**Student:** 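Okay, here's the structure, questions in a sec.
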Number of protein chains: 2
Amino acid sequence: MPERKSRKDAVRNREAVLAAADALFARCGRPEDVTMADVAAAAGVGKGTLFRAFGDRAGLLRALYEARLEPIREAAEAGPPPLGPGTPPQQRATALLDAILCFKFDNRRLALALEESGSGSPYQAEHYAWWHGLLRAVLDQVPGLTDSDFTAHALLAATRADLVEHLAGHERVPRETARAQLANFTTRVLASGPARGSSAEDGPATTDRN
Amino acid sequence: MPERKSRKDAVRNREAVLAAADALFARCGRPEDVTMADVAAAAGVGKGTLFRAFGDRAGLLRALYEARLEPIREAAEAGPPPLGPGTPPQQRATALLDAILCFKFDNRRLALALEESGSGSPYQAEHYAWWHGLLRAVLDQVPGLTDSDFTAHALLAATRADLVEHLAGHERVPRETARAQLANFTTRVLASGPARGSSAEDGPATTDRN
DNA sequence: GAAGATACGGACCAGCGGTCCGCTTTTCAA
DNA sequence: TTGAAAAGCGGACCGCTGGTCCGTATCTTC
């Protein structure tokens, strides 16, 4: 039980920091030049407070990221089709990847900051393991598909934040185009038969903040 | 003409630095804790020399990487099949990806260092553009394949250094298994018809240094 | 309202990439 | 051979970052 309740100034500050960091990352071009001191200043808080609340830089990023991701995570875990369970595996896999892509698209800066500054490999992050596990399980139900473990990694790699940023930011690929291409790619991977064309279905709610 | 020749102590030092950096990156676990000062010390050289020769950290990494990559690059550009031109596109694409995978496998630490510390996105690196352009051109010749641009990105993403490191280092996937899985994945993507099984063919010379 | 627990915040620290400039080595023309 | 200018050397030094520390302010509890 414990969960010893925090002091109210503590929670106020915690939220102030999250909001400030959110805004800063959304604004600034390269995430690595949003400094901890910047965040603290923008939140009207001392550095000590910031580090006390989140441990270190990676902790702050993680907290932000997880907060944003949670709705999608829930939708994928127990929501309605096509994201939730009870959907044919091909379709669900496509929907999952599409959701991830949209998320990264809408939260590019943050995802980028987390993947590159997030204390080492993105593959050690808890949320990656979660996505991978889920996708792997779904792929296991696709008839005729082997190597579900590797395949899940490879498909997820197509949604890496820096790739998304490159496509969207540098090559100026519109969101819907990227979605369609990823869906098409996914279909190719999952289909044993001739690849059927597949355009992006109507998608996850956009929470565009950047 | 010009190409004003360097002083001999300069070239000696340059090579000493490359060798030292090579050794250090090969040895140490995480590339970010091989510091420039370490490299300089290991090469028996001052930091000034190091920075004069390579500009900055990214420059050093790039120089090392390019040097290692050149043979493969040449083999891909004008070598014998299955890597070189004059190979059926499916087969060549598979061979290219296999070669990249092997390269990253054998030079994990270095590739990792470059991709994560290499001044921003790996997608802005010259060598990435080169690989992508080549693969894209090959994919363009695969009948029934659309979105060659995106597809090339997605396939290359499956060979990212940190993914390779994760597979090899964390999940303990043997080299040959990874090769077979990537080949299988590639085949699935490229084949419009039923996926034919495909094991890794006899591969690029291994230059295992790590 | 007093005492104890909790959190604040900014001065402070260590370590990094990168610069600078007085000094040494090499080069090359005479 | 020589001597002076060009080229390069190297390590003290700088700015900036993530992260720590602890005297002080605020909240909670009785």
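Only a predicted model underlies this, so the values are computations on that prediction, with no experimental measurement involved. Throughout, a chain's letter reflects where its sequence line sits, starting with A, and its residues are numbered from 1.
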**Student:** Roughly, in whole Å, what's the span from CZ in A:Phe51 to P in D:dC21?
**Tutor:**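 Result: 13 Å.
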**Student:** Rounded to whole Å, how long is the line connecting atom CG of A:Leu50 with atom P of D:dT17?
**Tutor:**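 It works out to 14 Å between those atoms.
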**Student:** Do the side-chain N or O atoms of A:Asn13 get closer than 4.0 angstrom to the phosphate oxygens (OP1, OP2) of C:dA7?
**Tutor:**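 No.
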**Student:** For the side chain of B:Asn107 and the backbone of B:Phe103, is there at least one donor-acceptor N/O pair under 3.5 Å apart?
**Tutor:**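 Flag set: sc B:Asn107 to bb B:Phe103 pair under 3.5 Å.
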**Student:** Taking distance alone, no hydrogens or angles, what donor-acceptor pairs closer than 3.5 Å link side-chain atoms of residues 159-166 of chain A to residues at least two apart or in another chain?
**Tutor:**
| residue | atom | partner | partner atom | Å |
| --- | --- | --- | --- | --- |
| A:Thr159 | OG1 | A:Leu156 | O | 2.8 |
| A:Arg160 | NE | A:Glu115 | OE1 | 3.4 |
| A:Arg160 | NH1 | A:Tyr123 | OH | 3.1 |
| A:Arg160 | NH1 | B:Asp162 | OD1 | 3.0 |
| A:Arg160 | NH1 | B:Asp162 | OD2 | 3.3 |
| A:Arg160 | NH2 | B:Asp162 | OD2 | 2.8 |
| A:Asp162 | OD1 | B:Arg160 | NH1 | 3.0 |
| A:Asp162 | OD2 | B:Arg160 | NH1 | 3.3 |
| A:Asp162 | OD2 | B:Arg160 | NH2 | 2.9 |
| A:His166 | NE2 | A:Glu171 | OE2 | 3.3 |

**Student:** Base contacts versus sugar-phosphate-only contacts with protein, heavy atoms under 4.0 Å: please encode nucleotides 20-30 of chain C as B, S and - from 5' to 3'.
**Tutor:** BB---BSS---
**Student:** Sequence neighbours excluded, which residues qualify as ring-ring contact (aromatic ring centres under 6.0 Å, His included) partners of A:Phe51?
**Tutor:**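 In terms of ring-ring contact (aromatic ring centres under 6.0 Å, His included), with neighbours along the sequence ignored, A:Phe51 is linked to no residue.
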**Student:** Return the set of residues passing side-chain contact (heavy atoms from CB on, under 4.5 Å) with A:Ala53 (not counting sequence neighbours), or none when no residue passes.
**Tutor:**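 In terms of side-chain contact (heavy atoms from CB on, under 4.5 Å), with neighbours along the sequence ignored, A:Ala53 is linked to no residue.
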**Student:** Check the distance between C:dC16's P and B:Arg30's CZ and give it to me in whole angstrom.
**Tutor:**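 Nearest whole value for this atom pair: 12 Å.
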**Student:** Over how many whole Å does the gap from A:Leu61 atom CG to D:dG18 atom C1' extend?
**Tutor:**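 About 13 Å, once rounded to whole Å.
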**Student:** Heavy atoms only: give me the nearest A:Glu66-A:Arg73 pair and the separation to one decimal.
**Tutor:**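 Taking every non-hydrogen atom into account, OE1-NH1, 2.6 Å.
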**Student:** Output the single nucleotide from C:dG18, C:dC8, D:dC9 whose closest atom is nearest the side chain of A:Ala10.
**Tutor:**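 Comparing C:dG18, C:dC8, D:dC9 against the side chain of A:Ala10, the answer is C:dC8.
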**Student:** Using the test side chain to side chain donor-acceptor pair (under 3.5 Å), find all partners of B:Ser148 that sit at least two apart in sequence or belong to another chain.
**Tutor:**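 So B:Ser148 forms a side chain to side chain donor-acceptor pair (under 3.5 Å) with B:Asp140.
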**Student:** In whole angstrom, give the distance that lies between atom CD of B:Glu32 and atom C1' of D:dG18.
**Tutor:**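 Atom CD in B:Glu32 sits about 14 Å away from atom C1' in D:dG18.
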**Student:** Return the value, rounded to whole Å, for the distance between atom CG of A:Asp38 and atom P of D:dT17.
**Tutor:**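 To the nearest whole Å, that distance equals 7 Å.
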**Student:** Could you give the CE-to-P distance, from A:Met36 to C:dC16, as a whole number of Å?
**Tutor:**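 Taking CE of A:Met36 and P of C:dC16, I get 19 Å after rounding.
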**Student:** So which one's nearest nucleotide on DNA chain C is more toward 5', A:Arg14 or B:Asp33?
**Tutor:**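 Per heavy-atom nearest nucleotide, the more 5' residue is A:Arg14.
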**Student:** Taking side-chain contact (heavy atoms from CB on, under 4.5 Å) as the test, write out the residues that go with A:Pro89, two or more places apart.
**Tutor:**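 By the side-chain contact (heavy atoms from CB on, under 4.5 Å) rule, A:Pro89 matches A:Val138, A:Gln141, A:Val142.
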**Student:** May I ask you to evaluate whether A:Thr35 reaches the phosphate of D:dC16, defined as a side-chain N or O under 4.0 Å from OP1 or OP2?
**Tutor:**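 Answer no for this pair, as no side-chain N or O of A:Thr35 is under 4.0 Å from OP1 or OP2.
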